[in-house]
There are 2 protein chains.
Amino acid sequence: MSDGATGLIETEAGAGPRNGERRRGIDRVIMLLEALLRHRAPMRVGDIAKMIGAPRSTTYEIVNSLLEAEMLENVGTEGYVYFGRAMHLFGWAYSHHNAHYRRIIETLDKMAAETGETVQLCGLRGNKYIVLDCRDSSGPFRISSDVGVEVPIPWTASGRLLLSHMSEEEVKDFIPPGDYKLPDGRVIAPAEFFSDVALARQQGFSETAALADRFTWCMAAPIRDGHGAIDKTLCFVLPVDTPEARRSELLALLCERARGLSLAGS
Amino acid sequence: MSDGATGLIETEAGAGPRNGERRRGIDRVIMLLEALLRHRAPMRVGDIAKMIGAPRSTTYEIVNSLLEAEMLENVGTEGYVYFGRAMHLFGWAYSHHNAHYRRIIETLDKMAAETGETVQLCGLRGNKYIVLDCRDSSGPFRISSDVGVEVPIPWTASGRLLLSHMSEEEVKDFIPPGDYKLPDGRVIAPAEFFSDVALARQQGFSETAALADRFTWCMAAPIRDGHGAIDKTLCFVLPVDTPEARRSELLALLCERARGLSLAGS
DNA sequence: AAATGCTGTCTGAAATATCAGACAATAACG
DNA sequence: CGTTATTGTCTGATATTTCAGACAGCATTT
């Protein structure tokens, strides 16, 4: 059973309407929701149709069904739709049904309150990194990388930890080649990344300075599941000029809390 | 096992669809998710099939699609499924896309931190009351009425406010007759409820003592939308023996904050 | 051992949901 | 002004999906 994560959305560029494909309603719904998540803003039905490669008439039909179920809702003056209330309820049910996740959220809250810094819970989604939850810094320094947005793994401190169960060969096969290229054009040498991963595994934490953007210092610590594997990470996103003393203090706190959240293996 | 007093299983109109009705996949998905939300715990595929009145083979098909999309996920060792990670991401996107909602959540956090009491954001879903979000008391007094669970409107303080735009006649038509019956068997006289609604409208807040259960004192204040209508409410859920002085202090805070969150209407 | 109840997977067949496209309204644009 | 995009709604046809039911496997009960 290969768990091909999220492969349903077609690339919108290039290949013209290679039509004739008739798709199931359910699959359309899934594509639609993922498209909305990536777009991160209300969309018009016509644009949704283009983005998921579905006929307009079908898209209207589906959108109306989802509107009625409150899984989507109308937003703004006309024609825009975005996620609806029902999604909030479903998501809340997800994140509170399991005691471990609740403990993690509590810790997130506490750390944000204690330090005033931006704290995130991170994980993988397919071969990308995503923020699963976050508490933004109360200060003016507000990065707020959005929850659920897929980011190339090599751009992140957490990513180095989340791959630490893999061999170098496995990492090489796992990361799409284009993902080594940073937003500013620089390219991370794969060999360097592999040694970063090894270092993270050895140290039990990972830090990056001014990587994905020039202004942030990121530090991540592993939360281990019942088998000792690194499932999620806890991390701080700091201004890059945070003094060393403060940084090491925060790093110690981060590691301690992450360890406390790890499930004691058998 | 038997969950709550929701006797009506098949929603929609009274005439239950006769056996042999063929339904759309999308509708099955919607029914499935709502069934999971009501049940509030992982379910087996067979039970889901029974609960939504779908053939087993169809249900397997749908569940597998949703599992692959991470809208559901396997939980526990055997056959149980519940909401998946994708739902969390969709829900997060919903609750953060709009600035007003974010302000409300911030206020919720702040009030919980300041008072240590249980704070809730409430609203209507169809002709039922639901909790939209909450912060549980840090103390041992933890009620934690679940987010998203539908509750008869007359059982709640918020409900009295949320109906205050309706005439007595409209309220009468809106509330299902069975909803006046409290969990302990007592019945609220409709006339009394109507005058409660009127009182709430006049006072600009609403309180109930030991109504839905014997141990809680609830107080609610309205959050008004751009048109001045009461869209949501903010409320405290207190131990019923909270001293009067403390209660009036909290009530003042509640009303002030709710007013601050209301959108300046015309 | 037989009987019962489950789960998860397949099948073929029939009912229908998806699709392409037409349509009227509205807006944007030169 | 005509021309070119929209949006939202309908239509009928057919390719597909839903459905009933059979099946093997596993467990528990009689």
Side-chain angles (χ1 to χ4, degrees), chain A residues 1-4 8-10 12 15-36 39 41-69 71-82 84, chain B residues 1 10 12 16-36 39 41-69 71-82 84:
Chain A
M1 286 172 278
S2 68
D3 45 311
L8 274 174
I9 297 189
E10 298 176 6
E12 51 178 319
R18 201 170 279 280
N19 62 17
E21 287 273 317
R22 188 183 153 130
R23 294 256 204 195
R24 226 161 40 142
I26 296 189
D27 293 329
R28 295 289 191 202
V29 168
I30 293 168
M31 289 186 280
L32 191 160
L33 297 175
E34 304 237 331
L36 261 190
H39 196 257
M43 293 174 80
R44 294 232 216 78
V45 181
D47 295 322
I48 294 175
K50 271 180 214 140
M51 182 159 257
I52 67 177
R56 261 161 20 86
S57 50
T58 304
T59 310
Y60 272 102
E61 176 73 33
I62 290 173
V63 165
N64 286 332
S65 291
L66 296 179
L67 282 172
E68 199 173 352
M71 288 176 63
L72 297 181
E73 71 182 30
N74 278 305
V75 65
T77 50
E78 229 177 312
Y80 283 87
V81 297
Y82 202 53
Chain B
M1 314 298 177
E10 300 257 298
E12 308 304 299
R18 269 278 159 258
N19 207 348
E21 283 264 327
R22 188 184 150 128
R23 289 198 113 118
R24 249 191 348 176
I26 297 189
D27 295 328
R28 295 290 192 200
V29 168
I30 292 169
M31 287 189 278
L32 191 161
L33 296 175
E34 304 240 327
L36 260 190
H39 194 257
M43 292 175 79
R44 294 228 219 78
V45 181
D47 295 322
I48 294 175
K50 271 180 216 140
M51 182 158 260
I52 67 177
R56 258 158 27 83
S57 50
T58 304
T59 310
Y60 271 102
E61 176 74 33
I62 290 171
V63 166
N64 286 331
S65 291
L66 296 179
L67 282 173
E68 200 173 351
M71 289 177 63
L72 296 181
E73 71 183 29
N74 280 111
V75 80
T77 50
E78 242 179 293
Y80 284 86
V81 298
Y82 202 52

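All values reported here derive from a predicted model rather than from experimental measurement. Residue numbering restarts at 1 for every chain, and letters A, B, ... go by the order of the sequence lines.
Across the interface with DNA chain C, nearest-nucleotide mapping of A:Arg24 and B:Glu78 shows B:Glu78 to be the residue nearer the 5′ end. Map B:Gly79 and A:Gly25 each onto its nearest nucleotide of DNA chain C; the residue landing nearer the 5' end is B:Gly79.
Here the shortest heavy-atom pairing between A:Leu36 and A:Val81 reads CD2-O, 4.0 Å. Summarising the geometry of B:Ala54 relative to B:Thr59, their closest heavy-atom pair is CB-OG1, 3.6 Å, with the distance given to 0.1 Å. Shown here for B:Ile52 and B:Ala35, the closest heavy-atom pair between the two residues is CG2-CB, 3.9 Å.
Rounded to whole Å, atom P of D:dG8 lies 8 Å from atom CZ of A:Arg44. A straight line from CZ of B:Arg23 to C1' of C:dA14 spans 19 Å, rounded to a whole angstrom. As a whole-Å value, the separation of B:Ile48 CD1 from C:dG8 P is 11 Å. What separates OH of A:Tyr80 from P of D:dT6 is a distance of 13 Å, to the nearest Å.
Closest to the A:Tyr60 side chain, of the nucleotides D:dT9, C:dC19, C:dC6, is D:dT9. If you check D:dG8, C:dA14, C:dC19 against the side chain of A:Pro55, the one that comes closest is C:dC19. Of the listed nucleotides (D:dT7, C:dC6, D:dG8), D:dG8 has the atom at the smallest distance from the side chain of A:Val45.
Not one side-chain nitrogen or oxygen of B:Thr58 sits closer than 4.0 Å to the OP1 or OP2 atom of D:dT18. Proximity of B:Arg28 to the phosphate of D:dT18: no side-chain N or O atom is located under 4.0 Å from OP1 or OP2. Proximity of A:Ser57 to the phosphate of C:dC19: no side-chain N or O atom is located under 4.0 Å from OP1 or OP2.
Side-chain contact annotation: B:Ser65 with A:Arg24, donor-acceptor N/O pair under 3.5 Å present.
Here A:Arg56 lies in heavy-atom contact (under 4.0 Å) with a base.
A donor-acceptor contact under 3.5 Å is formed by the side chain of B:Arg22 with the base of D:dT18.
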